[in-house]
Amino acid sequence: MSYNLRVMTAVTATFYCAFGGGGAFIGLFLKGLGASYMQVSLVLTLFISTTIVASAVYGRYADRLGARRAWLAVGLLLLAIAYVLIARSQTLAQAAGARVVEGIGAAIYATI
């Protein structure tokens with residue numbers, strides 16, 4: 001196994017562990033912002049919907065865009081920005097916007 005494949009495997013494993021571990025608490029965070037259960041569900045659905053649409057769009061153009069490593073970095077950067085925005089969110093609307101950014105970042109990263 002090449003060095004690059006080991007590094008990518010380690011980064012991907014770390015990503016999915018962090019993604020799954022932190023994702024369980026987003027509902028509690030949204031409730032802390034004053035969201036109802038329906039609003040929590042809508043924000044969670046917004047993330048998934050964004051991911052599905054962005055995956056389809058990015059998947060269509062990924063081969064033309066090239067430089068897959070650079071796009072992996074862009075996806076991770078968008079995820080990092082989204083998590084900072086979520087942590088700094090004071091309102092449900094800010095958290096929802098951050099989840100859209102997170103969905104786009106996750107789509108770019110996972111599609112590659």
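Bear in mind that the values here come from a model prediction, so they are computed numbers and not experimental data.
Between Leu33 and Ser89, the closest heavy-atom pair is CD2-O, 3.8 Å. The two residues Leu5 and Thr9 come nearest to each other via the heavy atoms O-OG1, 2.8 Å. Gly27 and Val40 make their closest contact through CA-CG1, 4.0 Å (heavy atoms, listed as atom of the first residue, atom of the second, distance). Nearest heavy atom pair, residue Arg88 against residue Gln94, reads O-OE1, 4.3 Å. The two residues Leu79 and Gly105 make their nearest non-hydrogen contact at CG-C, 3.9 Å.
Between the CG atom in Leu42 and the CG atom in Leu92 there is a gap of 9.0 Å [rounded to 0.5 Å]. To the nearest 0.5 Å, atom OG of residue Ser41 and atom CG of residue Leu46 are 12.0 Å apart. Note that CD1 of Ile108 is 10.5 Å distant from OG1 of Thr51, once rounded to the nearest 0.5 Å.
Partner of Arg99 under the side chain to side chain contact (heavy atoms under 4.5 Å, CB included) criterion, out of Leu30, Ile86, Ile48: Ile86 alone.
Between Ile26 and Leu44 the shortest side-chain heavy-atom distance falls below 4.5 Å. A heavy-atom distance below 4.5 Å is not found between the side chains of Val100 and Phe47.
Glu102 places no side-chain N or O within 3.5 Å of a backbone atom of Ala98 that could act as its donor or acceptor partner.
Hydrophobic clustering of Ile, Leu, Val, Met, Phe, Trp and Tyr side chains at less than 4.5 Å, counting indirect connections, keeps Leu76 apart from Val84. In the hydrophobic cluster analysis, where Ile, Leu, Val, Met, Phe, Trp and Tyr join through side-chain heavy atoms closer than 4.5 angstrom, Ile104 is grouped together with Tyr61.
Side-chain rings of Tyr109 and Trp71 stay apart, their centers remaining 6.0 Å or farther from each other.
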